[in-house]
Amino acid sequence: MAQVEKRGGLLRKSSASKKPLKEKVVLMYDEIFMTEDPSKCSPRFWEELFLMKVNLEYLEGKLESLDGEELMKIKDNINCLFQHCIQALGEEHPIRVVNALQTLCALIRGVHQKNKSTSGFDIINMLMGFDKAELCMKNLMESLDSLLCAEGSESLKSLCLKLLLCLVTVTDNISQNTILEYVMINSIFEAILQILSHPPSRREHGYDAVVLLALLVNYRKYESVNPYIVKLSIVDDEATLNVSIWILFFLFRQYKDKEEEHQSGFFSALTNMVGSMFIADAHEKISVQTNEAILLALYEAVHLNRNFITVLAQSHPEMGLVTTPVSPAPATPVTPLGTTPPSSDVISSVELPLDADVQTSNLLITFLKYSSIVMQDTKDEHRLHSGKLCLIILTCIAEDQYANAFLHDDNMNFRVNLHRMPMRHRKKAADKNLPCRPLVCAVLDLMVEFIVTHMMKEFPMDLYIRCIQVVHKLLCYQKKCRVRLHYTWRELWSALINLLKFLMSNETVLLAKHNIFTLALMIVNLFNMFITYGDTFLPTPSSYDELYYEIIRMHQSFDNLYSMVLRLSTNAGQWKEAASKVTHALVNIRAIINHFNPKIESYAAVNHISQLSEEQVLEVVRANYDTLTLKLQDGLDQYERYSEQHKEAAFFKELVRSISTNVRRNLAFHTLSQEVLLKEFSTIS
């Protein structure tokens with residue numbers, strides 16, 4: 001008996017003795033693409049159609065092959081197919097529901113692909129007709145909501161979410177997708193939260209649910225009232241916990257995989273490699289798969305709802321974590337944007353203890369660990385976006401009163417093992433000797449790490465500004481609440497001075513692209529903050545003495561900075577005003593240098609010492625505080641609060657566009673395959 005092969009909807013005998021035969025479902029599709037109503041000659045046409053296995057490739061390809069005029073001729077049949085798909089979603093037989101869901105995916109993608117240049121209202125008319133659009137979409141959204149909330153098949157829920165993602169991402173700019181107006185009117189917010197609140201559903205569908213929510217929140221968010229924004233902003237603590245746990249566990253899984261890879265020994269060898277004159281120019285980077293869609297979801301949660309920040313800060317000694325060993329998930333390729341949905345193995349292994357040697361942990365630690373890897377490599381555009389998102393999230397946290405209270409709580413100490421980039425001039429930190437400290441120390445460590453590892457030719461100015469802003473906001477809280485944090489402030493001061501030196505040594509190159517004086521002013525004002533208010537938040541009087549020692553020790557850097565800004569502020573160039581601001585900000589630092597340096601030189605001469613020790617310099621400093629005169633500088637402890645709409649709208653629009661494009665690309669035919677579904681529903685009752 002001759003074997004039968006199936007290709008492109010054709011059934012062909014290998015002997016080629018007869019003409020190729022088409023599948024029955026393909027023949028039925030061809031009838032739909034005629035101008036006549038297919039049910040006229042076959043009253044059971046629609047009932048039979050949804051018993052046939054969907055041929056997605058043929059149906060979508062057929063739609064794309066027609067021109068606009070040909071498509072308009074069969075509009076009534078397309079409308080009829082769309083409406084019968086929605087009716088089939090209410091059927092008892094799951095195979096009918098599966099076929100209807102996949103047919104809707106093909107219809108929506110095919111019609112949108114064919115009509116990219118037309119308005120959204122034309123698309124609505126082509127799919128369901130203007131007169132029936134409101135009722136059709138109401139019925140569709142109600143059916144999807146019921147399927148997502150039901151206790152039935154997880155495969156059906158998966159298809160529902162994929163259909164919704166297909167619907168949301170058919171246009172690159174989701175705000176131009178007018179079909180989403182009906183998704184706004186007929187909200188599925190509660191269904192998404194229900195998925196995230198049920199552990200099995202969360203493991204199975206968490207990725208799609210979180211990405212869908214992130215995209216829906218960004219639909220016309222600046223132009224109109226978005227109900228998903230409203231609902232997310234007032235969601236209760238229990239629901240926020242469910243969303244936050246899934247997002248952070250997903251990030252944690254990526255971090256944990258990379259940590260295990262790092263411990264294998266390969267990356268430790270990188271420390272022996274010779275770098276170029278710029279620290280971060282080496283191509284070998286330890287990196288984790290960035291996922292902008294998940295980070296966007298976390299940002300929206302933290303930005304819109306204070307409860308999410310509360311959840312991030314809470315300690316969770318038990319979270320219903322799976323403690324049974326899980327085999328490592330196979331590596332899966334990702335697209336450049338890194339928004340590919342994870343494999344089921346990755347999701348099933350997400351819920352693991354956060355730290356093997358610490359019983360109590362919290363979600364913020366997970367985020368800090370993940371950020372420490374993501375933020376190290378910013379050369380790639382998409383990693384740059386991820387690093388920026390991490391810093392924006394930290395900015396929101398640094399502005400929140402409750403989060404700051406937790407971060408600075410001396411009774412809540414944690415051991416946080418941040419990733420440190422291998423560098424030839426420093427040794428790898430001994431992870432086991434990490435002290436337990438308030439979490440704000442880990443945030444400051446992360447900022448210091450970023451400062452010292454990104455002084456490179458492709459200078460990430462925007463990220464540096466955000467990094468310094470996070471530090472400044474934390475200092476403002478410490479000054480306001482008189483929190484005396486026991487932190488190694490010298491590491492921060494040294495990093496800031498080295499950054500100033502980098503800006504000066506690369507003045508010509510950097511000025512061609514950036515206003516380096518904005519960053520220089522922020523750095524100088526951080527020192528002014530310590531000088532003016534340090535006695536209220538530095539842990540001990542000796543810490544304040546050490547600040548003066550560092551300024552005096554590195555006086556040449558400040559002198560060089562003053563010379564540079566004075567030169568540019570006295571010339572009639574484009575940087576005159578910006579440079580003059582730095583000149584004025586340096587007044588107290590220069591006063592300290594000019595006051596103490598002569599006294600130190602005199603002390604050395606009187607005592608016949610060629611080079612003073614640190615303790616001898618500190619002795620001179622302590623003895624001469626009384627005669628030092630400083631100017632009071634206003635506004636050092638004030639900052640402009642983060643505002644997305646006024647400052648970041650362009651960034652988020654472009655980010656959402658790239659995420660939408662990538663999500664659509666990953667909804668390929670194989671992800672909508674029926675093989676698993678047909679096995680699950682092998683019988684029809």
Side-chain angles (χ1 to χ4, degrees), residues 71 75 78-79 81-83 85-87 89 101 104-149 160-193 208-235 293 296-297 300 304 644-645 649 652-657 659-661 663-664 667:
L71 205 57
K75 183 182 95 62
I78 297 293
N79 291 171
L81 175 58
F82 195 88
Q83 291 163 24
C85 285
I86 295 172
Q87 290 175 17
L89 296 181
L101 287 168
L104 283 169
C105 284
L107 267 179
I108 293 167
R109 283 158 56 111
V111 172
H112 268 277
Q113 184 70 22
K114 189 62 199 170
N115 292 272
K116 281 184 174 179
S117 60
T118 64
S119 69
F121 291 104
D122 291 331
I123 303 300
I124 293 171
N125 188 37
M126 182 58 62
L127 286 172
M128 53 198 122
F130 288 132
D131 55 335
K132 297 178 181 177
E134 188 171 344
L135 181 60
C136 277
M137 287 303 298
K138 180 177 182 293
N139 292 336
L140 174 60
M141 296 306 296
E142 286 178 354
S143 296
L144 294 176
D145 187 80
S146 298
L147 290 169
L148 289 171
C149 294
C160 288
L161 289 168
K162 289 189 184 302
L163 172 59
L164 286 164
L165 284 170
C166 176
L167 191 68
V168 171
T169 62
V170 284
T171 57
D172 290 346
N173 184 348
I174 65 171
S175 294
Q176 293 177 352
N177 183 359
T178 49
I179 293 181
L180 291 188
E181 285 296 330
Y182 299 107
V183 183
M184 296 294 116
I185 296 169
N186 304 284
S187 173
I188 53 163
F189 181 84
E190 288 75 15
I192 294 173
L193 277 195
D208 284 346
V210 167
V211 172
L212 176 62
L213 181 59
L215 290 171
L216 289 173
V217 163
N218 279 276
Y219 174 71
R220 302 189 68 186
K221 67 192 302 186
Y222 307 123
E223 295 106 49
S224 61
V225 177
N226 182 321
Y228 291 87
I229 291 178
V230 175
K231 291 182 179 182
L232 185 61
S233 66
I234 60 175
V235 76
L296 177 64
E300 295 294 356
L304 294 173
E644 177 189 321
Q645 184 169 355
F652 280 102
K653 283 181 179 178
E654 186 57 37
L655 179 67
V656 172
R657 179 188 290 269
I659 290 172
S660 175
T661 303
V663 170
R664 181 176 67 249
L667 285 174

Are any of the side-chain heavy atoms of [X] and [Y] separated by less than 4.5 Å?
X      : Y      : answer
Gln645 : Lys221 : no
Asp145 : Cys149 : yes
Leu212 : Ile188 : yes
Glu181 : Met137 : no
Asn177 : His112 : yes
Leu144 : Leu101 : yes
Arg109 : Leu667 : yes
Leu304 : Val217 : yes

Just verifying a value: how many Å separate [X] [atom1] and [Y] [atom2], rounded to the nearest 0.5 Å?
X      : Y      : atom1 : atom2 : result
Lys653 : Tyr222 : NZ    : OH    : 7.0 Å
Leu164 : Asp208 : CG    : CG    : 10.0 Å
Ile86  : Ser143 : CD1   : OG    : 7.5 Å
Thr178 : Arg220 : OG1   : CZ    : 9.5 Å
Ile229 : Phe189 : CD1   : CZ    : 11.0 Å
Arg657 : Thr169 : CZ    : OG1   : 13.5 Å

For Phe652, which residues count as a ring pair (Phe, Tyr, Trp, His ring centres under 6.0 Å) partner, sequence neighbours excluded?
->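 Phe652: ring pair (Phe, Tyr, Trp, His ring centres under 6.0 Å) contacts with Tyr299.
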Kindly give the heavy-atom pair with the smallest separation between [X] and [Y], and that separation in Å.
X      : Y      : value
Tyr228 : Asn186 : OH-O, 4.2 Å
Leu213 : Ile192 : CB-CG2, 4.3 Å
Leu180 : Leu167 : CD2-O, 4.3 Å
Cys166 : Cys105 : SG-O, 3.8 Å
Leu89  : Leu104 : CD1-CD1, 4.2 Å
Met184 : Pro227 : O-CG, 3.3 Å

Tell me the side-chain hydrogen bond (donor to acceptor under 3.5 Å, both in side chains) pairs involving residues 128-137, sequence neighbours left out?
->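 For residues 128-137: none.
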With a 3.5 Å cut-off and no angle check, do the side chains of Ser660 and Asp172 form a donor-acceptor pair?
->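 The criterion, which ignores hydrogens and geometry beyond distance, is not satisfied for Asp172 and Ser660.
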Step-by-step side chain to side chain contact (heavy atoms under 4.5 Å, CB included) determination, Val168 to Val183 = CA-CA 9 Å; Val168 171; Val183 183; 5.6 Å; no
From the options Thr171, Leu127, Ile108, select the one residue that forms a side chain to side chain contact (heavy atoms under 4.5 Å, CB included) with Ile179.
->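 Per the side chain to side chain contact (heavy atoms under 4.5 Å, CB included) rule, the option paired with Ile179 is Leu127, out of Thr171, Leu127, Ile108.
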Walk me through it: do Asn218 and Glu300 pass the test side chain to side chain donor-acceptor pair (under 3.5 Å)?
-> CA-CA 9 Å; Asn218 279 276; Glu300 295 294 356; 3.1 Å; yes
Is the number of heavy atoms from other residues, nucleotides or ligands under 6.0 Å of Lys75 NZ greater than 12?
->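 More than 12 within 6.0 Å, yes.
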